Peer 1: 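Below is one structure. I have some questions about it.
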Protein chains: 2
Amino acid sequence: MARTESEHPTELELELLKVLWDESPLPVREVRARLEADANRPLAHSSVITMLNIMHRKGFLRRRKEGKSFLFSPKVKKESVTGGMMGDLLSRVFDGSPSAMMLNLLETTDIGADELAELRKLITQKAKERKQ
Amino acid sequence: MARTESEHPTELELELLKVLWDESPLPVREVRARLEADANRPLAHSSVITMLNIMHRKGFLRRRKEGKSFLFSPKVKKESVTGGMMGDLLSRVFDGSPSAMMLNLLETTDIGADELAELRKLITQKAKERKQ
DNA sequence: AATAATCATCTAAATAATTAAAAGATGCTT
DNA sequence: AAGCATCTTTTAATTATTTAGATGATTATT
């Protein structure tokens with residue numbers, strides 16, 4: 001037997017989604033150009049088409065014929081993908097404990113003072129909401 | 001051309017690491033048993049050996065001969081792997097903004113009131129540390 | 001000593017992911 | 001109409017990941 005297709009976008013798929021979340025619909029040629037410019041990933045035209053078609057098959061993208069070429073757009077929302085990937089890591093790495101995940105983030109990254117203040121405000125807000 | 005080996009453990013590799021982080025060193029047979037019990041993943045003995053050897057080659061594990069069988073232990077710390085995977089998601093999904101990542105976590109998961117209070121305390125603590 | 005039990009290594013397979021050339025189709029230009 | 005430009009489809013090659021059988025080695029048992 002072998003592995004199963006991931007429900008989340010892979011490395012390259014995410015880069016392509018980022019391009020299209022930023023602006024869409026776009027033709028292949030444009031996606032290719034932005035992938036090189038934004039993600040420093042210069043792929044051949046045919047490689048980009050292959051990936052976009054795979055992503056279409058997987059249900060990540062929408063495809064529409066415009067004249068002789070296809071235009072691609074995201075079918076999945078950024079928030080949904082992001083949330084899914086976070087949830088995946090949350091369950092696989094932190095056994096489903098959001099606070100453990102947060103703690104890790106606090107300890108391993110460098111967050112600015114102003115952002116810390118902002119976060120504290122958000123947490124206070126969240127705590128209030130829970131009370132109702 | 002093709003893809004490159006990930007610097008982070010894969011799905012299955014992480015499950016194996018979890019077993020060994022929990023207790024080590026362990027012989028293959030024991031790893032196999034716990035993988036089935038803890039992760040509900042019943043693999044053939046030879047499959048487990050194959051994976052453990054691959055992980056040894058990748059530098060995730062240490063291997064020591066004890067009598068006729070091998071004992072495996074983690075070579076990488078849990079904190080290091082966790083931090084690496086978090087950092088990966090942080091840069092790939094949230095463009096390196098920890099506060100954006102935190103915000104997502106706050107909004108998409110359900111954190112208990114007591115944990116929220118704990119987190120607020122930690123953030124306050126962190127803010128103080130930054131002042132020095 | 002012969003046999004069984006237990007391990008490891010070798011080999012192999014199937015699917016996923018990534019990259020791209022070659023071939024085919026279609027429309028544009030001169 | 002011929003040729004060029006531009007797209008898509010088809011085909012293929014390579015590495016990674018996951019799973020496991022077959023084979024061989026070593027130790028324990030009868």
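In what follows, every chain begins at residue 1, and chains take the letters A, B, ... in the order their sequences are listed. Treat the numbers as computed from the prediction; the structure is a model and nothing was measured. All values below were derived from every heavy atom in this structure, side-chain atoms included, with hydrogens, water molecules and symmetry-related copies excluded.
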Peer 1: In whole angstroms, how far is the P atom of dC7(C) from the CD atom of E30(B)?
Peer 2: 11 Å
Peer 1: Taking atom CG of N40(A) as the centre, report whether more than 12 heavy atoms of other residues, nucleotides or ligands fall under 6.0 Å from it.
Peer 2: no
Peer 1: Does dA20(D) have OP1 or OP2 under 4.0 Å away from a side-chain N or O of S47(B)?
Peer 2: yes
Peer 1: Please give, in whole Å, the distance from dT6(D) C1' to E66(A) CD?
Peer 2: 16 Å
Peer 1: So does E11(A) pair up with R3(B), basic N to acidic O under 4.0 Å?
Peer 2: no
Peer 1: Under 3.5 Å between N/O atoms: give me all the protein pairs with nucleotides 8-18 of chain D, atom names plus distance.
Peer 2:
from    : atom 1 : to     : atom 2 : distance (Å)
dT8(D)  : OP1    : F70(A) : N      : 2.7
dT17(D) : OP2    : K58(B) : NZ     : 2.8
dT18(D) : OP2    : T10(B) : OG1    : 2.6
dT18(D) : O2     : M1(A)  : O      : 3.0

Peer 1: Specify the angle, to 10°, made by the local axes at the two ends of the helix from dA1(C)-dT30(D) to dT30(C)-dA1(D) when five pairs are taken at each end.
Peer 2: 20°
Peer 1: Would W21(B) and L71(B) show up in the same hydrophobic cluster when neighbours are defined by side-chain heavy atoms closer than 4.5 Å?
Peer 2: no
Peer 1: To the nearest angstrom, how far is R32(A) atom CZ from dT19(C) atom C1'?
Peer 2: 13 Å
Peer 1: Do P9(B) and E15(B) have side-chain heavy atoms sitting under 4.5 Å apart?
Peer 2: no
Peer 1: Name every donor-acceptor pair, under 3.5 Å, that has one atom in a side chain of residues 44-51 of chain B and the other anywhere in the protein, sequence neighbours excluded.
Peer 2:
from   : atom 1 : to     : atom 2 : distance (Å)
T50(B) : OG1    : S46(B) : O      : 2.8

Peer 1: So, are R92(A) and D88(A) salt-bridged, with charged N and O less than 4.0 Å apart?
Peer 2: yes
Peer 1: Indicate yes or no: at least one non-hydrogen side-chain atom of M101(A) is less than 4.5 angstrom from one of T109(B).
Peer 2: no
Peer 1: Answer yes when K58(A) and E13(A) have at least one side-chain N-carboxylate O distance shorter than 4.0 Å, and no when they do not.
Peer 2: yes
